[in-house]
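Quick notes on the structure that follows.
Proteins come first, then strands; the chains are lettered A, B, ... in the order of their sequence lines, and each starts at number 1. All heavy atoms count here, side chains included; hydrogens, waters and symmetry mates do not.
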2 protein chains.
Amino acid sequence: MAERTLPQKTAAPRQPFVLRLASLARLSEPELDLLSGLGGREAHRPGDELSVAGDPARRPRFIVSGWATNQHILSDGRRQVFSFALPGDGLGVYPRMTPPALYTSIAHTPMVTVDATPFLDAVRTAAMPGLVKAFTAVARLEDKMLLDQILRLGRQTAYERVAHFLLEIDDRLAAVGLSDRRRFPLPLTQEILADALGLSVVHVNRTLQQLRRDGLIEWRSGQASLLDRDLLMNVAEYHTPGRKPL
Amino acid sequence: MAERTLPQKTAAPRQPFVLRLASLARLSEPELDLLSGLGGREAHRPGDELSVAGDPARRPRFIVSGWATNQHILSDGRRQVFSFALPGDGLGVYPRMTPPALYTSIAHTPMVTVDATPFLDAVRTAAMPGLVKAFTAVARLEDKMLLDQILRLGRQTAYERVAHFLLEIDDRLAAVGLSDRRRFPLPLTQEILADALGLSVVHVNRTLQQLRRDGLIEWRSGQASLLDRDLLMNVAEYHTPGRKPL
DNA sequence: CGGGGGTTTGACGAACGTCAATCGGGGTGG
DNA sequence: CCACCCCGATTGACGTTCGTCAAACCCCCG
């Protein structure tokens with residue numbers, strides 16, 4: 001585990017949001033430097049509110065580590081998770097950041113974030129074209145994820161939903177170097193998964209067991225494995241981002 | 001139908017997209033003129049493809065009249081309608097318009113559209129601040145609608161979904177002068193409504209009957225009425241845009 | 001006076017939810 | 001180091017919502 005301490009320039013593991021943005025647009029040295037230099041590091045504990053629907057937007061942040069949920073709770077307690085915010089994702093960055101936040105964001109695990117204001121400023125002033133391009137690309141992907149979520153909830157079975165969801169998470173984590181395309185961290189409870197996929201905890205549990213019995217996945221102690229990616233993609237009709245749907 | 005030909009300046013009914021944008025930002029005379037002057041008028045027939053997922057984006061357009069669906073169809077025929085495009089809405093305007101379209105748009109009724117390119121150019125060059133502000137506001141609203149759709153599909157019952165949906169449509173049509181907040185055109189089949197709300201046609205039918213029996217709505221020959229707005233909003237936990245959720 | 005698309009109805013079945021109890025494992029305090 | 005605890009996972013029994021199939025109905029139109 002101990003990392004080399006040699007005086008290497010770029011071999012040090014990049015922050016996840018740098019990897020994410022760099023994978024979407026060719027970034028110049030000054031652009032990479034701006035990102036790598038982001039500060040205002042903060043830690044958050046599970047349950048911390050990172051933004052509240054209707055409240056004035058807070059300072060935009062990038063996630064260094066940890067998972068958050070973007071969600072809404074109905075008056076009788078039913079909860080819907082719109083999306084997850086993973087390492088490398090922004091909080092209040094891409095969604096139109098005009099004042100009132102569209103949803104509530106809650107830290108689901110311990111998290112570390114940094115201040116993304118310098119990044120947004122650079123995008124606003126169009127000073128750095130690579131960052132602007134990356135910004136646009138990420139915003140598109142976020143929209144795509146919302147549409148995928150609608151498809152899952154509206155027209156897929158529980159089995160398909162779980163498969164589709166796991167494939168999406170795997171892709172997103174791979175983009176920031178947290179998945180080797182086989183195994184990746186999945187620090188979720190079945191309850192949150194249920195609230196994201198529009199199911200009950202019990203049904204999520206049974207669906208997961210079915211997927212395990214079918215030899216498609218494994219999931220123990222926060223680590224998930226996709227044992228048959230092709231079959232999963234087939235089942236879920238999942239198309240990896242970038243490839244045309246048909 | 002024949003329009004007055006008197007030399008009136010602003011009394012002629014505004015195009016719906018002018019109303020929509022003007023309701024979201026104070027627009028200057030030049031800005032209003034740019035919008036009113038948009039040309040490239042085109043007619044579309046039901047079933048026409050206005051954009052295809054994965055295809056390079058077409059020329060952005062504003063809808064003058066008619067309804068379209070933004071949708072995706074699974075390989076076995078299941079269809080999910082992500083959202084509807086109504087008069088005043090844009091096609092390929094607000095969603096990040098970078099090349100590949102995120103979804104397929106199909107004309108559901110006869111439609112008339114105009115070319116929105118001059119509008120987008122003005123926004124891109126930031127030449128007209130009112131238009132930029134309106135653009136941002138509409139983009140936000142479109143995101144909000146996707147989130148509402150997720151909430152409906154994930155955590156609401158059929159009854160609540162239909163109520164919520166009708167309230168949203170009413171609000172949107174009212175913004176372009178097509179609803180008097182009681183009665184509005186609803187040129188949909190129950191089948192499309194089913195595909196939008198993640199239900200079967202049969203169940204939509206039964207849900208509508210329940211809503212009728214409860215004295216909440218009417219819907220005959222393409223005209224819908226909300227008979228008890230307050231109760232509907234209560235049932236659906238619908239919050240009119242602009243008001244804080246809690 | 002036929003058609004044809006959309007709506008409505010009934011009977012039945014499957015997917016998923018609820019309730020409640022049990023299990024399991026990892027963290028913690030003694 | 002061990003017993004206890006607690007949260008989350010799991011299981012079973014049962015209920016409900018919603019889907020499917022298929023037929024009838026209705027209306028508008030040619």
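Residues A:Gln71 and A:Asp195 fail the side-chain proximity criterion, which asks for heavy atoms closer than 4.5 Å. Side-chain contact between B:Leu231 and B:Leu216 is present, with heavy atoms from C-beta onward closer than 4.5 Å. Between A:Arg212 and A:Leu208, some side-chain heavy-atom pair lies under the 4.5 Å cut-off.
A salt bridge does not link A:Asp180 to A:Arg182: none of the charged side-chain nitrogens sits closer than 4.0 Å to a carboxylate oxygen. Salt-bridge annotation for A:Arg152 and A:Glu168: present, with a side-chain N of the basic residue lying under 4.0 Å from a carboxylate O of the acidic one.
Using a 4.0 Å cut-off, some side-chain N or O of B:Arg212 falls inside it from OP1 or OP2 of C:dT8. In terms of phosphate contacts, A:Gln209 brings no side-chain nitrogen or oxygen within less than 4.0 Å of OP1 or OP2 of D:dA9.
Side-chain atoms of A:Ser83 and A:Gln149 form no donor-acceptor pair, as typed in the model, at a separation below 3.5 Å. No hydrogens or angles considered: nothing links the side chains of B:Arg206 and B:Gln209 as a donor-acceptor pair under 3.5 Å. A:Thr104 and A:His72 are not linked by any side-chain donor-acceptor pair at a separation below 3.5 angstrom, with hydrogens and angles left out of the test.
Ring pair B:Tyr238/B:His164: centre-to-centre distance below 6.0 Å.
No engagement by B:Gly222 is indicated, since no non-hydrogen atom pair under 4.0 Å with the nucleic acid exists. Residue contacts for A:Leu199: at a heavy-atom cut-off of 4.0 Å it reaches the sugar-phosphate backbone alone, with no base atom in range.
B:Arg78 has its CZ atom 12 Å from the C1' atom of D:dG19, to the nearest Å. Straight-line distance from the CD atom of B:Gln210 to the C1' atom of C:dT8: 15 Å, rounded to whole Å. Atom-to-atom, CH2 of B:Trp219 to P of C:dT7 comes out at 6 Å; the value is rounded to the nearest Å. If you measure from atom CZ of A:Arg220 to atom C1' of C:dC23, you get 18 Å, rounded to the nearest angstrom. Put simply, NE2 on A:His203 is 17 Å from P on D:dT17, counting in whole angstrom units.
In this structure, the nucleotide among D:dA9, C:dG17, C:dT9 sitting nearest to the side chain of A:Asn205 is D:dA9.
Sorted by residue number, the list of members of residues 182-191 of chain B with any non-hydrogen atom under 4.0 Å from DNA chain D is empty. DNA chain D lies under 4.0 Å from at least one heavy atom of each of the following residues of residues 145-163 of chain B: B:Thr157, B:Ala158.
Other residues, nucleotides and ligands place more than 12 heavy atoms under 6.0 Å from the CZ atom of A:Arg181. Other residues, nucleotides and ligands contribute at most 12 non-hydrogen atoms within 6.0 Å of the CZ atom of B:Arg220.
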Give me the distances for all protein-to-nucleotides 12-15 of chain D N/O pairs that come in under 3.5 Å?
residue, atom, partner, partner atom, Å
D:dG12, N7, A:Arg206, NH2, 2.3

